[in-house]
S.K.: 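Let me begin by handing over the structure; questions about it come next.
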Amino acid sequence: MGDGIDERAADEQADEQADEQALLEASADPPPVVRLDEFLHTPARLAILSLLSPADNVRFAFLRESLGTTDSALSKHLTQLARAGVVRVVKSEKDRRGRVVELTDEGRVAFGAYLAELEKIVARARGRAGT
């Protein structure tokens, strides 16, 4: 009966050593640091860009209603995004009082790069680093 206990203890010790070795090997070559664009990463801007990305342009009122925000708060974020060259706000051709918002070419590239970095983080968290 003592032999079975000794064998199990030896097996457990071997498993622990294998786990320690695997951790050492993994930590010897850490994954590259992923850097998110902090300007785009704020929740409000991220929400705005997520609504703009699949469209050519979006009405200001649609953004406001979708985000559940005020005109002034949305205008503030859009002004910051426009100054950075990420979006363009123009008067609507259909409704002279209305405004439409669109991603600039630079904004599409920047948001695409942001999403690619975010996807790397998600893949790593799900154990699929390098995929």
Side-chain angles (χ1 to χ4, degrees):
M1 186 156 159
D3 289 338
I5 293 174
D6 290 340
E7 285 178 23
R8 276 185 269 166
D11 287 344
E12 286 178 15
Q13 186 176 10
D15 288 344
E16 287 176 13
Q17 289 174 345
D19 290 345
E20 288 175 16
Q21 183 63 32
L23 282 174
L24 286 173
E25 289 172 6
S27 64
D29 188 23
V33 175
V34 176
R35 301 201 192 280
L36 291 175
D37 183 328
E38 291 183 26
F39 178 75
L40 300 181
H41 190 64
T42 63
R45 292 182 199 140
L46 184 56
I48 291 167
L49 296 175
S50 295
L51 289 168
L52 292 174
S53 183
D56 289 334
N57 59 56
V58 174
R59 289 180 304 107
F60 181 93
F62 173 81
L63 285 174
R64 183 192 62 233
E65 292 163 12
S66 297
L67 299 171
T69 191
T70 63
D71 283 356
S72 63
L74 179 56
S75 290
K76 178 181 173 184
H77 287 291
L78 291 175
T79 297
Q80 292 169 334
L81 288 164
R83 284 184 183 150
V86 176
V87 303
R88 183 174 20 260
V89 181
V90 295
K91 291 192 185 256
S92 171
E93 292 178 11
K94 295 178 183 175
D95 176 8
R96 294 208 175 256
R97 293 180 310 161
R99 293 177 285 168
V100 294
V101 183
E102 57 191 34
L103 278 174
T104 62
D105 291 340
E106 296 83 8
R108 286 197 185 280
V109 169
F111 190 55
Y114 172 88
L115 291 176
E117 291 299 306
L118 191 58
E119 287 169 351
K120 290 177 189 175
I121 292 171
V122 171
R124 185 176 302 142
R126 292 189 173 151
R128 298 187 315 243
T131 59

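Side chains are part of it too, since the values below use all heavy atoms of this structure and drop only hydrogens, waters and symmetry mates. Being a predicted model, the structure only gives us computed values, none of them experimental.
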S.K.: Could you list the residues that satisfy side chain to side chain donor-acceptor pair (under 3.5 Å) with Glu119, not counting sequence neighbours?
M.R.: none
S.K.: For residues 90-127, which residue pairs pass the ring-ring contact (aromatic ring centres under 6.0 Å, His included) check, not counting sequence neighbours?
M.R.: His41-Tyr114
S.K.: Do Val109 and Thr104 have side-chain heavy atoms sitting under 4.5 Å apart?
M.R.: no
S.K.: To the nearest 0.5 Å, what is the distance between CD1 on Ile48 and OG1 on Thr69?
M.R.: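 Here the interatomic distance stands at 8.0 Å.
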S.K.: Restricting to salt bridge (charged side-chain N to carboxylate O under 4.0 Å, His left out), what partner residues turn up for Glu102, sequence neighbours left out?
M.R.: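 With neighbours one apart ignored, the set is Arg88.
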S.K.: With sequence neighbours left out, write down each residue that passes side chain to side chain contact (heavy atoms under 4.5 Å, CB included) with Ala113, or none if nothing qualifies.
M.R.: none
S.K.: Thr79: which residues meet the side chain to side chain contact (heavy atoms under 4.5 Å, CB included) condition with it, sequence neighbours left out?
M.R.: Arg83
S.K.: How many angstroms lie between atom CG of Leu67 and atom CG of Leu51, to the nearest 0.5 angstrom?
M.R.: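 If I round to the nearest 0.5 Å, the distance is 5.5 Å.
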S.K.: Please list, chain by chain and in numerical order, all residues satisfying side chain to side chain contact (heavy atoms under 4.5 Å, CB included) with Val89, sequence neighbours excluded.
M.R.: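 Only Leu78, Arg99, Val101 meet the side chain to side chain contact (heavy atoms under 4.5 Å, CB included) criterion with Val89.
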S.K.: What residues form a side chain to side chain donor-acceptor pair (under 3.5 Å) with Gln80, not counting sequence neighbours?
M.R.: Arg45
S.K.: Write out all pairs satisfying salt bridge (Lys or Arg N to Asp or Glu O under 4.0 Å) with one or both partners inside residues 48-57, taking only residues at least two apart or from two chains.
M.R.: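 Pairs touching residues 48-57 that pass the test: none.
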S.K.: ring-ring contact (aromatic ring centres under 6.0 Å, His included): which pairs involve residues 43-93, sequence neighbours left out?
M.R.: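 Applying ring-ring contact (aromatic ring centres under 6.0 Å, His included) to every pair that reaches into residues 43-93, excluding sequence neighbours, yields nothing.
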S.K.: Do you know which two heavy atoms are closest between Val87 and Leu52, and how far apart they sit?
M.R.: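 Distance-wise, the nearest heavy atoms are CG1-CD1, 3.7 Å.
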S.K.: Who passes side chain to side chain donor-acceptor pair (under 3.5 Å) against Asp71, sequence neighbours left out?
M.R.: Arg64
S.K.: Quick one: side chain to side chain contact (heavy atoms under 4.5 Å, CB included) partners of Ser72, sequence neighbours excluded?
M.R.: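 Ser72: side chain to side chain contact (heavy atoms under 4.5 Å, CB included) contacts with Thr70.
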S.K.: Measuring from atom CG of Leu118 to atom CG of Leu46, what distance do you get when rounded to the nearest 0.5 angstrom?
M.R.: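 These two atoms lie 7.5 Å from each other.
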S.K.: Hydrophobic cluster mates of Val100, side-chain heavy atoms under 4.5 angstrom, ILVMFWY only, any path?
M.R.: Val90
